[in-house]
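Remarks on the structure that follows.
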Amino acid sequence: MPEVLTSRYLFGPGPSNCYPEVTAALAFPVIGHLDPVFIERLDRTCAGLRTVWGTRNARTLPLSATGSGGMEAAFVNTVSDGDVAVIAVNGLFGERMCEVARRCGATVVRVDHEWGQPVDVERVLAAHPHPKVIAAVHAETSTGVLSDVAPLGAGKGDALLIVDAVTSIGGLELLADDWGIDVGYAGTQKCLGAPPGLSPFTVSERAFERRIREPRSWYLDIGLLGGYVGAASGSRTYHHTAPVTMIAGLEAGLDRILTEGLAAVQARHRAAGAELRDGLEAMGLELFAAEGSRLPSLTTVKVPDGVDSAAVRAYLLENFSMEIGSGAGAFTSTVWRIGMMGPNANRASVKLVLGALEEAIAKA
């Protein structure tokens, strides 16, 4: 028989631990994806997603895909052969945006930044006079950097603004309508405190009117998906068998967040992130992301000279059943990524991580 884990402390870049209400909901009986009880649950989930996205968009729904599927849906519905996509690249997920857009046939205009730095809005807006889309990552999971996307929305002109909010939704301020986000995608496994497997997705009417009418992907066609959630007229059109259990878990996570209060949840994430950063610096460690642009939900810290990054992470896993993340790309062995997301965004978690990390550095 394989070993059965009873628990892990998930303090990496995601997934995070689930809210208890989510775990309980995952045990609900499986019902049909056209069952009236499920349709009501889906409607409540979409309404909750509108709240955490900060939008009134009718086409706001949980895609049956991970955040990477949400990324693909964003581009496959907005760009095709020869369309210009200006993409801000300040980490791994900006890189992935470029590759997805290229495969959709777009002419990609990269605006590269040093990893660890926020998006330079002026350079992005000046990169091309008439792009079809402008894209940026709000919370770059690979570097722990938070970028201000509102000025991109204010200066986008005729372009559509695509935003990755995977590590910000449900834990950080996110105002899609006010910020001019036309297409946004996210994930469930971070600040929302649910398992991976769904992508909270939102599309403005402006973007929907300018969508690719027959995108390369049938499955991710937002015109068909919008019909499934009754966005057009309230009537339903069958599209696919929805992951009913995952959506029950997401509904429970959204209920948990909105019962606590979205502002209170955001304040809890900010406080946990600040306390973690202060504690790491008190240990003599150096933070990686640029000061003033550090994510509350995910902190990046430089591995001290002479310390084996992988050995420290292995020590934490073996002795504390605790996961923290390695760095990404060229920083795999020189940076740690430590998440304080969802139910883990609290003072007790910070104290636990700091104590365990200090011991692991000394003994690994």
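Shown here is Gln117, whose CD atom has more than 12 heavy atoms of other residues, nucleotides or ligands within 6.0 Å. Atom CD of Glu281 sits in a crowded spot, with more than 12 heavy atoms from other residues, nucleotides or ligands closer than 6.0 Å. More than 12 non-hydrogen atoms from other residues, nucleotides or ligands lie less than 6.0 angstrom from CD of Glu251.
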Per-pair distances, 0.1 Å, donor-acceptor, side chain in residues 299-306, under 3.5 Å, sequence neighbours excluded:
unit_1 : atom_1 : unit_2 : atom_2 : d
Thr300 : OG1    : Thr143 : O      : 2.8
Thr300 : OG1    : Ala289 : N      : 3.4
Lys302 : NZ     : Glu286 : OE2    : 3.0

Decide yes or no on salt bridge (Lys or Arg N to Asp or Glu O under 4.0 Å) for Lys351 and Glu275, but give the supporting numbers first.
CA-CA 9 Å; Lys351 293 176 69 175; Glu275 189 168 349; over 6 Å; no

Report the C-alpha distance between Asn346 and Ser349 in whole Å, list the side-chain angles of each, state the deciding distance to 0.1 Å, and finish with yes or no for side-chain hydrogen bond (donor to acceptor under 3.5 Å, both in side chains).
CA-CA 6 Å; Asn346 59 68; Ser349 293; 3.2 Å; yes

For Asp81 and Arg216, run salt bridge (Lys or Arg N to Asp or Glu O under 4.0 Å): C-alpha distance rounded to whole Å, both residues' side-chain angles, the deciding distance at 0.1 Å, then the answer.
CA-CA 11 Å; Asp81 295 338; Arg216 284 174 165 85; 2.6 Å; yes

Side chain to side chain contact (heavy atoms under 4.5 Å, CB included), that's the test. Do Ser64 and Tyr219 meet it? Break it down for me.
CA-CA 9 Å; Ser64 302; Tyr219 184 70; 3.2 Å; yes

Evaluation steps, salt bridge (Lys or Arg N to Asp or Glu O under 4.0 Å), between Glu99 and Arg96:
CA-CA 5 Å; Glu99 178 61 10; Arg96 288 191 182 178; over 6 Å; no

Between Val149 and Val137, is the side chain to side chain contact (heavy atoms under 4.5 Å, CB included) condition met? List the steps.
CA-CA 8 Å; Val149 297; Val137 179; over 6 Å; no

Would Arg8 and Glu323 satisfy salt bridge (Lys or Arg N to Asp or Glu O under 4.0 Å), going step by step from the backbone distance to the final call?
CA-CA 7 Å; Arg8 283 274 198 239; Glu323 175 187 285; over 6 Å; no

Stepwise, does the side-chain hydrogen bond (donor to acceptor under 3.5 Å, both in side chains) test hold for Tyr315 with Glu359?
CA-CA 9 Å; Tyr315 184 95; Glu359 178 180 319; 2.6 Å; yes

Could you go through Leu172 and Gln266, starting from their C-alpha distance and side-chain angles, then the distance that decides it, and tell me whether this counts as side chain to side chain contact (heavy atoms under 4.5 Å, CB included)?
CA-CA 5 Å; Leu172 282 67; Gln266 292 168 357; 5.6 Å; no

For the pair Val76 and Val100, evaluate side chain to side chain contact (heavy atoms under 4.5 Å, CB included) and give the outcome as yes or no after the intermediate values.
CA-CA 8 Å; Val76 80; Val100 171; over 6 Å; no

The test is side-chain hydrogen bond (donor to acceptor under 3.5 Å, both in side chains); show your working for Ser142 and Trp115 and say whether it passes.
CA-CA 9 Å; Ser142 65; Trp115 283 33; over 6 Å; no

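Residues forming a salt bridge (Lys or Arg N to Asp or Glu O under 4.0 Å) with Arg206 (at least two apart in sequence, or on another chain): Asp182. The salt bridge (Lys or Arg N to Asp or Glu O under 4.0 Å) test applied to Asp120 returns Arg123, not counting sequence neighbours. The salt bridge (Lys or Arg N to Asp or Glu O under 4.0 Å) test applied to Arg268 returns Glu260, not counting sequence neighbours. By the salt bridge (Lys or Arg N to Asp or Glu O under 4.0 Å) test, Asp158 is found to be paired with Arg210, residues two or more places apart in sequence or in another chain being considered. Applying the side chain to side chain contact (heavy atoms under 4.5 Å, CB included) test to Pro62 and every residue at least two apart in sequence or in another chain returns Leu42, Thr45, Cys46, Leu49, Leu198, Ile247, Leu250.
Between the Asp83 side chain and the Ser80 main chain, a donor and an acceptor come within less than 3.5 Å of each other. Proximity of a side-chain donor or acceptor of Asn77 to a complementary backbone N or O of Leu220 within less than 3.5 Å is detected. Checking side-chain atoms of Thr332 against main-chain N and O of Gly329 turns up a donor-acceptor pair under 3.5 Å. Within the 3.5 Å criterion, the main-chain N or O of Ala58 finds a donor-acceptor partner in the side chain of Arg50. Although no hydrogens or angles enter the test, the distance criterion places no donor-acceptor pair under 3.5 Å between the side chain of Thr202 and the main chain of Thr60.
In this structure, a donor-acceptor pair under 3.5 Å is absent between the side chains of Ser204 and Asn57. Residues Ser297 and His269 have side chains that never bring a donor and an acceptor to within less than 3.5 angstrom of each other.
Cluster annotation: Leu317 is not connected to Leu354 through the hydrophobic network of ILVMFWY side chains, with a link wherever side-chain heavy atoms come within less than 4.5 Å. Phe75 and Val109 fall within a single hydrophobic cluster, where Ile, Leu, Val, Met, Phe, Trp and Tyr side chains are chained together by heavy-atom contacts under 4.5 Å. Note on Trp336: it does not cluster hydrophobically with Val145, by side-chain heavy-atom contacts below 4.5 Å among ILVMFWY residues. Under the 4.5 Å side-chain heavy-atom criterion for Ile, Leu, Val, Met, Phe, Trp and Tyr, Leu174 and Val203 are members of the same hydrophobic cluster. The hydrophobic clustering, which links ILVMFWY residues whose side-chain heavy atoms are closer than 4.5 Å, places Ile324 and Leu10 apart.
Checked against Lys190 for a side chain to side chain contact (heavy atoms under 4.5 Å, CB included), the options Asn344, Leu298, Ile169, Thr141 give a single hit: Thr141.
Closest approach of Gly32 and Phe38 over heavy atoms only: O-CB, 3.5 Å. Taking all atoms of both residues into account, the shortest heavy-atom contact from Leu295 to Arg277 is O-NH1, 3.7 Å. Residues Cys98 and Arg110 share a closest heavy-atom pair of SG-CG, 3.6 Å. The two residues Gly193 and Pro343 make their nearest non-hydrogen contact at CA-CD, 4.1 Å. Taking each heavy atom of Leu63 and Gly69 in turn, the nearest pair found is CD1-O, 4.5 Å.
With rounding to the nearest 0.5 Å, the separation of CZ in Phe11 from CG in Leu357 is 12.0 Å. From Trp179, atom CH2 reaches atom CD of Glu173 across 5.0 Å, with rounding to the nearest 0.5 Å. Between the CG atom of Asp308 and the CD1 atom of Ile361 there is a distance of 12.0 Å, given to the nearest 0.5 Å. Interatomic distance, CZ of Phe28 versus CZ of Arg41, reported as 5.5 Å (0.5 Å rounding).
The cationic group of Arg59 lies under 6.0 Å from the six-membered ring centre of Phe208 and within 45° of the ring axis, placing it in a cation-pi geometry.
Aromatic ring centroids of Tyr9 and Phe320 lie 6.0 Å or more apart. For Trp218 and His240, the gap between ring centers reaches or exceeds 6.0 Å.
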